[in-house]
Amino acid sequence: MNSKFPEMGLTIFSAMSALASEHGAINLAQGFPEFDCSNQIKKLVNEAMNSGANQYAPMPGLKALRNAIADKVKFCYDVDYCPETEITVTAGATQGIFTSIAALVNTGDEVIYFEPAYDCYSPAIRLFGGIPVPVSMDFPDYTYNWEAVRNSITLKTRLIIINSPNNPCGKTISQSDINQLAQIVKEFSLFVISDEVYEHIVFDGLKHLSIGTHPELKSKTITVSSFGKTYHNTGWKLGYVLGPADIITEFRKVHQYLVFSVHHPSQKAFAELLSYRDFYVSLSPFYEQKRNFFLSAIAGSSWKALKTEGTYFQLLIIPEEIQGTDVEIANWMTTKFKLASIPVSAFYSDATDNRVLRFCFAKNEETLIKAAEILHKI
Ligand code: PMP
Ligand code: GLN
């Protein structure tokens, strides 16, 4: 077999979850909520199944859901997307990102993205013959380095991927960053994929800035979102993409042969659910409280927290006295202390090790207290 990914193993999320379960460790590694989705969502999807919404949904998604997404996006960001031509429902954000890359990247195209980076960008770029071009955000504040971006641009650069709020570092993009991005996109005629799955989880009074709201970026940007993060049902794998009609047309050409359409009853349920705005309006305070709870529980320990502006992840700096790489320390903590986290070097193509671990705080308070007690001991 001529493997397309000879060197590739399991994702760090699967690997750390498996290690956590093998050793009975508290799993603050893979990012998923410990709490269940609401009974209202389950009731709606059951009703949809019982009402016979069990055959193929339309290829771009149920019309009612696309309408509801357009209303939600208008309410949140005061921007218009046409449900007919500019919105497509996907099987989660991963499929939205993969399909966007498939539609936009041609052989030899260079794609810039920022590290630390979520794991699904680079493999998809490579699969379609593109060349991943990672640009580091400046540690420890994880600021965008636009000078470095400019220095990375060549005649082959086609696309920039943005992820705000960023997994793993929680950095959000500022208006001034977006203006610099817009300038670069215009100057070099690029496209943008904006991964905004944590759009409703931002802290300390910050507002999520959606890239597609910028007048010069809207026509060049495909925005990807996921219901899993917002409704505590990461296992349902439902999301959507927004973009100008010409990009979405190309997106759908791939989408129709990749999945054709996605889970029909869930789409029917979300078409109704999206009108209950409280779900996403109350999500930031909900997770801000959890972040603060976790931070106060670890206060006084040897673990220093980096700033988290959004997402449900907290980065902690490994105390100096602990020897080893972040991967060795994450493994050691899981097996010996029964607390699993993700080593942040896994989010870098060259395994940059700033001695930082990522902890998911989308957990009940008892779990966070137990995790903090362990951190106090280490
Ligand atoms: N992008 C980022 C930044 C993520 O953290 C995740 C998943 N946690 C995804 C995309 C994928 O989302 P989904 O589960 O909807 O495929
Ligand atoms: N997005 C989740 C995380 O960052 C992982 C999802 C997955 O396991 N692919 O932890």
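The model shown is predicted, which means the values in this text are computed figures rather than measured ones. When a ligand or atom number is given, it counts from 1 through the structure's own listing order. Start at 1 with the first residue, then count along the sequence.
- Within a 6.0 Å sphere centred on NZ of Lys304, other residues, nucleotides and ligands contribute more than 12 heavy atoms.
- Within the listing of ligand 1, atoms 3 (C), 4 (C), 5 (O), 8 (N) sit less than 4.0 angstrom from a heavy atom of Tyr198.
- A parallel orientation is assigned to the rings of Trp146 and Tyr144, their planes being inclined by less than 30° (bins at 30° and 60°).
- For Phe35, the CZ atom sits in a packed shell: over 12 heavy atoms of surrounding residues, nucleotides or ligands are nearer than 6.0 Å.
- For ligand 2, the polar-atom distance check finds no N/O of Phe313 at less than 3.5 Å from any of the ligand's N/O atoms.
- A cation-pi arrangement is not found for Lys74 relative to Tyr81, the charged atom failing to lie both closer than 6.0 Å to the ring centre and inside a 45° cone about the ring normal.
- At a heavy-atom distance under 4.0 Å, only side-chain atoms of Arg358, from C-beta outward, approach ligand 2.
- Contacts with ligand 1 closer than 4.0 Å are made by no heavy atom of Val224, backbone or side chain.
- Atoms of ligand 1 lying under 4.0 Å from at least one heavy atom of Gly92, given by number and element, are 15 (O), 16 (O).
- Looking at Phe32 against ligand 2, nothing comes within 4.0 Å, counting heavy atoms.
- Classification of the Phe227-Tyr240 ring pair by plane angle, with boundaries at 30° and 60°, yields tilted.
- In the vicinity of Asn163, heavy-atom distances shorter than 4.0 Å reach the ligand 1 atoms 3 (C).
- Polar contact check, Gln30 against ligand 2: a nitrogen or oxygen pair lies under 3.5 Å apart.
- Rounding to the nearest 0.5 Å places CZ of Phe347 at 6.0 Å from CD1 of Ile342.
- Ring-plane geometry between Phe313 and Tyr198 is classed as perpendicular, the angle between the planes exceeding 60 degrees on a 0 to 90 degree scale with a lower cut at 30.
- For the pair Arg291 and Phe361, the cation-pi test (distance below 6.0 Å, angle within 45°) is failed.
- Note on ligand 2: Thr11 sits outside its first shell, no heavy atom being nearer than 4.0 Å.
- Contact annotation for Ile342 and ligand 2: no heavy atom of the residue comes within less than 4.0 Å of the ligand.
- Under 4.0 angstrom from ligand 1, the non-hydrogen atoms of Lys229 all belong to its side chain.
- Using cut-offs of 30° and 60° for the angle between ring planes, the Tyr231 and Phe279 rings count as tilted.
- Counting only heavy atoms of the protein, atom 6 (C) of ligand 2 lies nearest to Tyr118 OH, 3.4 Å.
- Ranking protein heavy atoms by distance to atom 11 (C) of ligand 1, first place goes to Thr94 OG1, 3.3 Å.
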